[in-house]
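The next block holds one structure in the form of structure tokens; read it before the comments.
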Number of protein chains: 2
Amino acid sequence: MLSTLSNMAQNTVKLGAFLSSARSKLDMSLRAVEKETGISNAYLSQLEHGKIKTPSPQNLHKLAQLYRVPYELLMELAGFPIPKVPSAESQTARDTFAARIGAVTEEEEEALVEYLQFIRSRRSRR
Amino acid sequence: MLSTLSNMAQNTVKLGAFLSSARSKLDMSLRAVEKETGISNAYLSQLEHGKIKTPSPQNLHKLAQLYRVPYELLMELAGFPIPKVPSAESQTARDTFAARIGAVTEEEEEALVEYLQFIRSRRSRR
DNA sequence: TAGCATTGCTAAATTTGCCAAGCAAAAACC
DNA sequence: GGTTTTTGCTTGGCAAATTTAGCAATGCTA
């Protein structure tokens, strides 16, 4: 029970931090986002500060479209059940990672795979 | 605008009718569903009569499980945006990349994000 | 530097989701 | 037939979601 409440609290903080970071990346103000989505700047501020436990899916979708991030990711960060149920944890981790990485070329993919192997091999040698 | 409002009203009626029908099929009373889901019988009645515009995804999920219907269907009937099926190509590309990368630690994720930025900045300087 | 615009944020107000309480009708029971 | 239980529903109220209004700080411009 305590862990559930703690998870809920963590969800809102994670979602908020994510939204804040996504907005910063686009260099948009709260009022600019309000103009594009119709969601009040005050509410956006509360969302980013983790003060909203259950934002509506409609609002999450608007923000997902504007910030160009997966809607499912926002739903999950909000703590909502998601339609597909692979291992939730690794799916979340992958989606967050995929969102941060974005689309990569084959070249970049090869480079990243190689680099990961490199840093892992460096670590295992210690 | 009027069509949007009409759609919203239609959504709640459709969802309600669907929920009522699903409950009937299981021959359950409102109080029996309340017992299984924790959602009050009063609220369930309001849902079935289309009096709730934005039920929470958590509640829809509980009902989906109890009634053994797809959660995505209830979300759609409620008028919520649902995740689009990604194009097979980009989904395949993502899955391949994700499979190659596998689970990464936060440290590794930071390192990979940084490295990607580095190789992209190196390329943009040429 | 003064005046204006923009920004992030918070309090108050409004709207809505959800529940406890209770009602009337029907069903079940003796 | 009377009593109890079950049922579906409505109402009032609380808390949360969201908006409106306004403040202080900062940035911009002439």
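No hydrogens, no waters, no symmetry mates; every other heavy atom, side chains included, goes into these values. Because the structure is predicted, anything quoted here is derived from the model rather than measured. Here is how names work: the chains are called A, B, and so on, in the same order as the sequence lines, proteins then strands, and each is numbered from 1.
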On the nucleotide C/dT7, are OP1 or OP2 found under 4.0 Å from the side-chain N or O atoms that A/Arg23 carries?
no
Given that B/Thr54 and B/Gln46 both sit by DNA chain D, which one's nearest nucleotide is further toward the 5' end?
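That would be B/Gln46.
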Spacing of [X] atom [atom1] relative to [N] atom [atom2], expressed in whole Å:
| X | N | atom1 | atom2 | answer |
| --- | --- | --- | --- | --- |
| B/Ile52 | D/dA17 | CD1 | P | 15 Å |
| A/Phe80 | C/dG17 | CZ | P | 13 Å |
| A/Lys53 | D/dA15 | NZ | P | 11 Å |
| B/Leu30 | C/dA21 | CG | C1' | 16 Å |
| B/Met28 | D/dT6 | CE | P | 15 Å |
| B/Arg31 | C/dA25 | CZ | P | 16 Å |

Under 3.5 Å donor-acceptor pair, A/Asn41 side-chain atoms to C/dC9 base atoms
yes
Looking at residues at least two apart in the chain, or sitting in another chain, which of them share a side chain to side chain donor-acceptor pair (under 3.5 Å) with A/Gln46?
none
Between A/Leu60 and A/Tyr71, what is the shortest heavy-atom contact and its length?
C-CD1, 4.1 Å
Is B/Leu44 touching bases, backbone alone, or none of the nucleic acid, heavy atoms closer than 4.0 Å?
nothing
Is it the case that the side chain of B/Ser29 and the backbone of B/Ala32 share a donor-acceptor pair, with hydrogens and angles ignored and the cut-off at 3.5 Å?
yes
Can any side-chain N or O of B/Ser56 pair as donor or acceptor with the backbone N or O of B/Asn59 at less than 3.5 Å?
yes
